[in-house]
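Here the structure is laid out as structure tokens; the discussion comes afterwards.
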Amino acid sequence: WLICQSDSISFSFHACFAAEDDVDLEALVNDMASLSSYESIYATCGTQHSDSTPLLHRTDGSGLHGNRVAPLPQAPSNRVTDPRSPTQKLRRSQPMHIQAVRRLQEEELQVRPASLPAIPNPFPELCSPSGSPVLSPGSLPQPSESHIIKVFSEDGVGKVVEVPADMTARDVCQFLVYKNHCLDDNCWSLVEHHSLLGLERCLEDHELVVPVQACMSPESKFLFRKNYAKYEFFRNPLNFFPEQMVAWCQETNGSIPQSRLLQNFLNSSSCPEIQGFLYMKETGRKSWKKLYMFLRRSGLYYSTKGMSKEPRHLQLLSDLEESNVFTVTTGRKMHNAPTDYQFCIKPSKGRTEQKELKMLCAEDEQSRTCWMTAFRLLKFGILLYQNYKSPHQRKTAISNFTTPVRSVSENSLVAMDFSGRTGRVIDSPVEAQSAAMEEGHTWRKRSQRMNVLGSPSPLHPSPLSSVIHRTQLWFHGRIMREESHRMIMQQGQVDGLFLLRDSQSNPKAFVLTLCHHQKIKHFQILPFEEDSQVFFSLDDGFTKFTDLIHLVEFYQLNRGILPCKLKHPCTMVAF
């Protein structure tokens, strides 16, 4: 008895300290489980006791230190009694058995379900006419449940995918990459596209797909597309954040070290700030107003008095946590925008109407990229860096499918000299240019020798050699100049992103479309006839190639007359 009484008192002492705040039922149950070694102690409750009988109480009725453990509510018609002694009184020095507590908790949930919080149904259109628009806790989607999503390729073909509730955007992209035999280079993205609003954004790799789909309208859809600029700011941050737009750099009048710039954005305790002028569309009108804005962790603000940063002059425009940043795809005419560089801030929860959108417009492409990239960094922080590093740190399972194209690593494409017994890397740009010219002449002489030996001449090519370049991912046939611009912009305006297409002005020529410093440039590839042979050249015949595949491979290794090397092919995948 002395041992049981001391244990009971020590347990009551622990519970009395918890009684100062709201009593945690789970903690109480865990404490009671520690007394399970004394199996002879059971709780009994007589029918004459009221519902407010305390679980623990001293025998003198005063309670330890004047405090009592909060009473456990019971169902009116379900009282726990001892079947051996229905009229026996409760022995107050003994705790109630844990099984009784759990049973009373289950009965309480069954008797009073209306006391639970009501959860709005995110799918009201799926309910029957007599169904309730409120979901009960038992009907909430579980992670093991499967959901149906439909993903479209850029040619308009859709694929139905069954995914669990906890599947991320990266998981969906990995599945589509292996199913369609694509090159897995960590540049694929799942795009949230709103056709009626003219908006789209790339989902972050860690975002869950099912909740995003629940907030999309029936006209919206997912697109499967390349996005080379998704993590490019981790490789070249200075290209994305101009010094005049970073507040702390302006205050210190110094240059921005790359490592410190990224740490400032990723560290949640720091306070980075992007500032500059933006055009904002007035609500319910087609007019735009130029305002000085500040982007911070707490949200996007605009100044009501010039460029003032005083708190009394700052007005909150949007909160980062409850919003997402989108690119406007409809062009400047629809919204009467002052420039072509539009973007939009859209609430992330619920289906959004046109009047809820915050339409913004930047002066140039670099400014727009800076605002949108900073928005992502300030909202997601270290999660973006983990997404960027994750594919490099883990080895994913090898798929049963093999990719139809060979992987070209940017770091392995260097100028080499194999004139000696062993190869060496050419470091000098002048020597690399000379080697490139010599290699071009060597390819031309090699093709001449093949023609002398009886191989098909480029002037009279075989059916295979005349269409071999059309099988390449970077060749897009007869597309217009505007279409090539759109494709480059959709897949991220990074240095070295390119495609080849047929020329509209010269039916025998081709055009190389290349992105450099967020600007899109076009270079015409002209045919040249020499010694009854046809060659292709970018530099007016100075460097000639027998076909377009040789030309592309050469400029992947050497810059030549181009502003940069060819790095990323602009591709389209068909399901």
Side-chain angles (χ1 to χ4, degrees), residues 166 168-170 172-173 189-194 197 199-216 220 222 227 229-235 237 239-242 245-248 256 260-276 278 280 293-302 314-328 341-352 356-362 366-390 492:
D166 57 348
T168 63
R170 167 171 283 172
V172 175
C173 290
S189 296
L190 200 62
V191 179
E192 177 186 353
H193 179 79
H194 300 270
L197 300 177
L199 306 175
E200 66 179 26
R201 75 174 182 101
C202 291
L203 270 67
E204 305 298 343
D205 286 343
H206 65 273
E207 285 191 79
L208 299 180
V209 178
V210 174
V212 175
Q213 181 180 247
C215 298
M216 294 169 58
S220 304
F222 287 122
N227 182 16
K230 184 163 58 172
Y231 300 120
E232 185 67 18
F233 55 88
F234 284 120
R235 305 180 186 96
N239 294 342
F240 286 78
F241 302 102
M245 297 185 64
V246 183
W248 64 271
I256 310 175
R260 186 181 176 187
L261 176 63
L262 290 177
Q263 291 175 3
N264 207 28
F265 278 103
L266 297 177
N267 187 5
S268 59
S269 61
S270 64
C271 301
E273 182 180 278
I274 299 297
Q275 60 186 15
L278 283 175
M280 183 181 69
M293 296 197 178
F294 305 89
L295 182 60
R296 302 171 178 174
R297 294 194 187 276
S298 56
L300 179 63
Y301 300 84
Y302 66 90
L314 295 183
Q315 183 71 31
L316 178 65
L317 180 63
S318 177
D319 183 17
L320 303 189
E321 295 298 327
E322 303 296 332
S323 305
N324 287 315
V325 60
F326 285 76
T327 303
V328 180
Y341 312 104
Q342 304 174 73
F343 63 101
C344 172
I345 298 178
K346 175 182 174 294
S348 56
K349 294 183 178 179
R351 298 178 180 176
T352 308
E356 301 179 62
L357 304 178
K358 305 294 190 302
M359 304 295 298
L360 301 170
C361 194
Q366 188 181 34
S367 299
R368 177 173 70 170
T369 303
C370 178
W371 286 103
M372 297 182 66
T373 305
F375 190 102
R376 294 173 55 206
L377 276 171
L378 293 177
K379 178 178 180 178
F380 297 108
I382 196 65
L383 283 176
L384 291 186
Y385 187 73
Q386 294 173 353
N387 294 340
Y388 166 65
K389 282 296 184 181
S390 175

How many angstroms lie between atom [atom1] of [X] and atom [atom2] of [Y], to the nearest 0.5 angstrom?
X: Ile382; Y: Lys389; atom1: CD1; atom2: NZ; result: 11.0 Å
X: Cys202; Y: His193; atom1: SG; atom2: NE2; result: 12.5 Å
X: Ser298; Y: Asp319; atom1: OG; atom2: CG; result: 8.0 Å
X: Cys361; Y: Gln342; atom1: SG; atom2: CD; result: 5.0 Å
X: Leu300; Y: Phe375; atom1: CG; atom2: CZ; result: 7.5 Å
X: Thr369; Y: Glu232; atom1: OG1; atom2: CD; result: 11.5 Å

Within the 4.5 Å heavy-atom criterion, are [X] and [Y] side-chain neighbours or not?
X: Tyr385; Y: Leu377; result: no
X: Phe233; Y: Leu384; result: yes
X: His206; Y: Phe380; result: yes
X: Glu200; Y: Glu192; result: no
X: Asp205; Y: Thr168; result: no
X: Phe240; Y: Gln366; result: no
X: Arg368; Y: Leu360; result: no
X: Leu383; Y: Glu204; result: no

Strictly by modelled atom types, are [X] and [Y] linked by a side-chain donor-acceptor pair under 3.5 Å?
X: His194; Y: Ser220; value: yes
X: Asn387; Y: Lys230; value: no
X: Ser323; Y: Ser318; value: yes
X: Ser390; Y: Arg170; value: yes

Could you walk me through whether Phe343 and Leu278 pass the side-chain contact (heavy atoms from CB on, under 4.5 Å) test, one step at a time? CA-CA 10 Å; Phe343 63 101; Leu278 283 175; 3.9 Å; yes
Measure from NZ or CZ of Arg296 to the centre of the six-membered ring of Phe294 and say whether it is under 6.0 Å with the direction within 45° of the ring axis. yes
May I have the step-by-step check of side-chain contact (heavy atoms from CB on, under 4.5 Å) for Leu266 and Phe234, ending in yes or no? CA-CA 11 Å; Leu266 297 177; Phe234 284 120; 4.2 Å; yes
Compare every heavy atom of Leu320 with every heavy atom of Gly299, then report the nearest pair and how far apart it is. CA-CG, 3.9 Å
Just by distance, do the side chain of [X] and the backbone of [Y] share a donor-acceptor pair under 3.5 Å?
X: Arg297; Y: Cys271; result: no
X: Ser270; Y: Asn267; result: yes
X: Arg376; Y: Asn324; result: no

With the threshold set at 4.0 Å, does a side-chain nitrogen-carboxylate oxygen contact exist between [X] and [Y]?
X: Lys379; Y: Glu321; answer: no
X: Glu356; Y: Lys346; answer: no
X: Glu207; Y: Arg201; answer: yes

With Phe326, which of Leu199, Leu357, Leu197 fulfils side-chain contact (heavy atoms from CB on, under 4.5 Å)? Leu199
Is the Phe241-Phe265 ring centre distance short of 6.0 angstrom? yes
Stepwise side-chain contact (heavy atoms from CB on, under 4.5 Å) test for Val191 and Phe222: CA-CA 5 Å; Val191 179; Phe222 287 122; over 6 Å; no
